Structures are given as C-alpha cells and as structure tokens.
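For the single chain, residues carry numbers from 1 onward in sequence order. In this text, all values refer to a predicted model and were calculated from it rather than measured experimentally. Both backbone and side-chain heavy atoms feed into the values below; hydrogens, waters and symmetry mates do not.
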Amino acid sequence: MKKYVIFLLIGGSVFGQEVEVKKEIEWARDFVQIGNTEYIQYKAIENDSLQIEKIVSNFADTNTSVETELEAIKLTDSVTEPYIYRNNKHNTLFYGIYERGAIVEGLVLDSLSFVGGNNRYHLYANREVQKTYYFDLDKHYFSFLEASVGSNNKVLDYYYSLPPGAISPFILSSKQDESEVNDEGFEKVVYSNQGKEIIYFFSKTEDNFRIKVTEQGKVAYYIVSKQAGNIFIENIEYDLLTKEEGYLNKASIVNVGFAQKRATTITEKGKGIWDAYFEEFLESKWNEKGQLVYDYRRGNEKKNTRMRVVVGKNIEENSLLYNLVVSFINNPELFRRDLTLRDFDYSNVNSNKTISLKSKKDQKYELVTK
C-alpha cells in the first residue's frame, strides 16, 4: 500500500489531498518436488520490509489424496477454514504466512509424512504448532463402525457428510502425544488364514472387540459388540486400489426363549433370518440342506445336546461374517451373564465355525463333534 498527495487547482486555490493506492499483488509460481510428486506453489510478498510472504500450495494435478483430505479437515475443524479455499477452477488449495522463511500462521503439509504415505498437516499460529491433523484408515473405519453399532446419529451424520473417497482426520492438540490416542485400550491377537492376516482387538474396558482383515488389495473391518444381552456385528470393506468402500453389512443375535437363538443379517444381497435350537432328540445321521448341527455335552452327562442351526439367506458362505454368526449362534454359553466376549477363544472361527471358553474350569458345555 502506497500513499500519494494529489494537488488540485480549484477556482484559483490549491488543495492537497492524500490518497492511498493499493498495489496489486504479484504472484510467483514454482514447481516443488516431494518424493515422486511435483506440485505447484504460489508465492506473494505481503510486506517487503518485514519479508512476509504468503505461500499457497496446489496439489490439484498430482493424483494424490491431498484435496479430499483438505476438504475433510475443513469440514471437521472450522478453525482451518481461513487457510483452505477453492480457486476459480474448483481446485482446493491451502496456504501459510511466512516471515523470513519461517512459518507464522496457516496450514502446512508435513513433507516427511507425505512421502511415508500417512499424510499429516500442522496448523500454525504465532509461529507454533496448534494442532496436527493426521489420517488413519483403521481409526476412520473403526470409529465409523462404533458409531453405527451404537446408533450415534450425530457422529454418523458427520461421516456421511465427508466428501466421496475422503476419510476423517484425527486431531492432536499441541499438548498431546500420539501415544495418547493410539489403541492402547485394546489387547491385540493375530491369526492368519489362507494368506489373510486377521487381527482381533479386544477392548479392555468395554464388552466389544474389533477385527481387521488384510489381504491383497483390500482391507475389511468388523466390530462385535454385546449390548443388553444381545450381540451386534457390523462390517465394511475398503478397496485399497480404487479407494472405494463396500456395503455396510450388519448382523444381530438375540435369545428367543431358553432353547432358541435368532440371528438377523443384512448384506448387499438382502436380509437373512437364522435360527438355532437346542434339541435333545438326536438323529444318528444328519444331512439337511441349509442346516448345521453341533453336538455338546453338559458336564458329566452321558447324553449329548444338539444345537441345530438353520442358516439364513443372502450372505456369502464361509465369509468371516458368516463364520462369526455361525460361531456365535451355535454356542450354548454365549449369553451367560457372568461372561464377556473377551472370555472366548476365537482361533477356530474360520476353521470349524466355533468359539470356546478360554478357561476350561468355567466351561459348562464341551463341543463333542462338528
């Protein structure tokens, strides 16, 4: 901004008037390399004497997730709105204000995290980091599934409002360490099955657990929760190549009287109703289509008790969701009030579709045959 004095001659008298002329900002464009990615950076001097400049970063043509991440950050935390905007080409850009090359305020992409594949952004004010935004696919989907199984509509509305393909940012304050928000409240158990890595995360405080299944090109997430004596399972899959998520599958298992359980499953194919019955009458041979049988022995009783499972429709057979429903519904000790989900062993869910108590001393029923 420059000031000028203009002299006017009016009726033989001279008048002086001070006016301000706004200087048009001149932008310099550079190409900046981070790893294998080249993006555009615009720079403009805002104060010559103080060496203050504004630096705008444009990742629109880089085939990265930066634009959707910026939109998600802006939606999640309104404090970032001044530093994230769309230009006339509808590209999403972000900027920071620098003094003598050092960041004063604004949003900055952590270049090291970008090369590592887990993007982080730092929000600066008064030359100090105020918040850090980072993206974690596991946290995103586990948080979404927890909100869904808990019917938390406010949180669900937020997730459904995210731009297509975006995942939610997680926020660290300047006083927080990342270890404070890691999954330290869970016990981790790893299984493997036919080239898939299956990780169970058992909550140490709540009656629920999470499952993550990783195979080539995709990852699937599950949450299993026991609420008011009922079991709820929800599952979603994410394609790592196309960046697209699958259908939200759901299952619930409830007691129906003393000797029957019922499960309801909802998948992309439709709805399925399952029933499991305790039966004293045992046929020597059993080969009924769409039904499974499990024989149990209670204590020292000589006579076995049969659990007959009528399998529901519209679910992929031998998928993990299918195996979990069968494992839960056929177990006679599932709804005991003195047990939690952590008390069971899940190592045989995929092999023979059963769960058993970890502690044999607490076991009232023993699986005889499958």
Side-chain angles (χ1 to χ4, degrees), residues 145 149 191 193-196 198 200 209 211 213 215 218 220-227 229-237 246-298 303-336 341 344-357 364-370:
L145 291 175
V149 79
Y191 300 109
N193 181 64
Q194 297 178 347
K196 301 177 183 178
I198 304 174
Y200 284 69
F209 63 87
I211 308 173
V213 183
E215 54 183 313
K218 60 183 178 180
Y221 299 95
Y222 296 77
I223 187 166
V224 181
S225 178
K226 190 174 183 180
Q227 302 174 23
N230 301 325
I231 304 294
F232 298 94
I233 308 170
E234 298 207 9
N235 147 249
I236 196 166
E237 191 173 278
Y247 190 83
L248 177 61
N249 301 305
K250 299 184 178 185
S252 61
I253 305 169
V254 299
N255 255 341
V256 183
F258 175 74
Q260 182 182 353
K261 297 192 199 78
R262 168 160 288 186
T264 303
T265 55
I266 300 174
T267 69
E268 192 171 14
K269 296 180 179 179
K271 187 175 182 179
I273 302 295
W274 310 51
D275 285 299
Y277 304 91
F278 254 142
E279 295 179 340
E280 299 296 333
F281 174 73
L282 306 181
E283 294 184 10
S284 57
K285 293 183 179 180
W286 184 276
N287 187 16
E288 190 73 27
K289 187 177 180 180
Q291 297 188 15
L292 304 170
V293 294
Y294 295 81
D295 290 347
Y296 287 90
R297 179 170 295 142
R298 180 183 173 93
K303 187 178 181 182
N304 293 340
T305 299
R306 171 162 292 172
M307 182 66 81
R308 179 167 62 91
V309 179
V310 181
V311 176
K313 298 179 180 179
N314 298 316
I315 188 170
E316 183 183 345
E317 188 174 350
N318 291 321
S319 64
L320 181 54
L321 182 63
Y322 176 96
N323 293 344
L324 283 168
V325 172
V326 174
S327 298
F328 281 126
I329 203 170
N330 84 67
N331 189 280
E333 310 199 69
L334 179 65
F335 290 111
R336 279 173 48 183
L341 294 173
F344 290 91
D345 174 28
Y346 298 87
S347 58
N348 293 318
V349 166
N350 281 314
S351 57
N352 62 10
K353 303 173 182 60
T354 60
I355 58 175
S356 59
L357 284 173
K364 295 182 179 179
Y365 288 87
E366 181 182 0
L367 181 66
V368 178
T369 60
K370 164 60 186 80

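At least one side-chain heavy atom of Y247 sits under 4.5 Å from a side-chain heavy atom of I266. Under the 4.5 Å side-chain criterion, counting only non-hydrogen atoms from C-beta, V309 is not in contact with K353. Using a 4.5 Å heavy-atom threshold, the side chains of W274 and R262 count as separate. Residues N323 and N318 form a side-chain contact, since some pair of their non-hydrogen atoms from C-beta on lies under 4.5 Å apart. The shortest side-chain heavy-atom distance between V349 and I198 does not fall under the 4.5 Å cut-off. F232 is not listed as a side-chain neighbour of I223, based on a closest heavy-atom distance of 4.5 Å or more. Considering only heavy atoms from C-beta on, Y191 stays 4.5 Å or farther from I211 through its side chain. Residues L292 and N330 form no side-chain contact, since every pair of their non-hydrogen atoms from C-beta on lies 4.5 Å or further apart.
Atom CE of M307 and atom OG1 of T354 lie 12.5 Å apart (nearest 0.5 Å). The CG atom of L248 lies 11.0 Å from the OG1 atom of T267; values are rounded to the nearest 0.5 Å. The CG atom of L321 lies 12.5 Å from the NZ atom of K250; values are rounded to the nearest 0.5 Å. A distance of 4.5 Å separates CD1 in I315 from OG1 in T265, rounded to the nearest 0.5 Å. The OH atom of Y294 lies 14.0 Å from the CZ atom of R308; values are rounded to the nearest 0.5 Å. One distance of note links CG of L334 with CG of N255; it measures 8.0 Å at 0.5 Å rounding.
Residue E366 places its CD atom among 12 or fewer non-hydrogen atoms of other residues, nucleotides or ligands, all under 6.0 Å distant. More than 12 heavy atoms of other residues, nucleotides or ligands sit less than 6.0 Å from atom CD of E215.
Scanning for side-chain hydrogen bond (donor to acceptor under 3.5 Å, both in side chains) contacts around N235 gives N249, with sequence neighbours left out.
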**OP:** Given side chain to side chain contact (heavy atoms under 4.5 Å, CB included), test V213 with Y222 step by step and report yes or no.
**Re:** CA-CA 8 Å; V213 183; Y222 296 77; 3.9 Å; yes

**OP:** Go through L341 and Y346 one step at a time and tell me if the side chain to side chain contact (heavy atoms under 4.5 Å, CB included) criterion holds.
**Re:** CA-CA 10 Å; L341 294 173; Y346 298 87; 3.7 Å; yes

Original post:
Where do N331 and Y365 land on the side-chain hydrogen bond (donor to acceptor under 3.5 Å, both in side chains) test, with the steps shown first?
Top reply: CA-CA 9 Å; N331 189 280; Y365 288 87; over 6 Å; no

Original post:
Please walk me through it: do E279 and V293 pass side chain to side chain contact (heavy atoms under 4.5 Å, CB included)?
Top reply: CA-CA 10 Å; E279 295 179 340; V293 294; over 6 Å; no

**OP:** Mind running side chain to side chain contact (heavy atoms under 4.5 Å, CB included) on V254 and F335 for me, showing each step along the way?
**Re:** CA-CA 9 Å; V254 299; F335 290 111; 5.6 Å; no

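With hydrogens and angles disregarded, a donor-acceptor distance shorter than 3.5 Å links the side chain of N314 to the backbone of K271. K261 places a side-chain N or O within 3.5 Å of a backbone atom of I329 that can act as its donor or acceptor partner.
Closest heavy-atom contact between S347 and S351: O-OG, 4.3 Å. Between S327 and I355, the shortest heavy-atom distance links the atoms O-CG1, 3.7 Å. Considering all non-hydrogen atoms of both residues, V149 and S225 come closest at CG2-CB, 4.3 Å.
When ring centroids are compared, F344 and F209 stay outside the 6.0 Å threshold.
Pairs of residues two or more places apart, or lying in two chains, never qualify as salt bridge (charged side-chain N to carboxylate O under 4.0 Å, His left out) while including a residue from residues 309-331.
No salt bridge links E333 with K364; every basic N to acidic carboxylate O contact stays at or beyond 4.0 Å.
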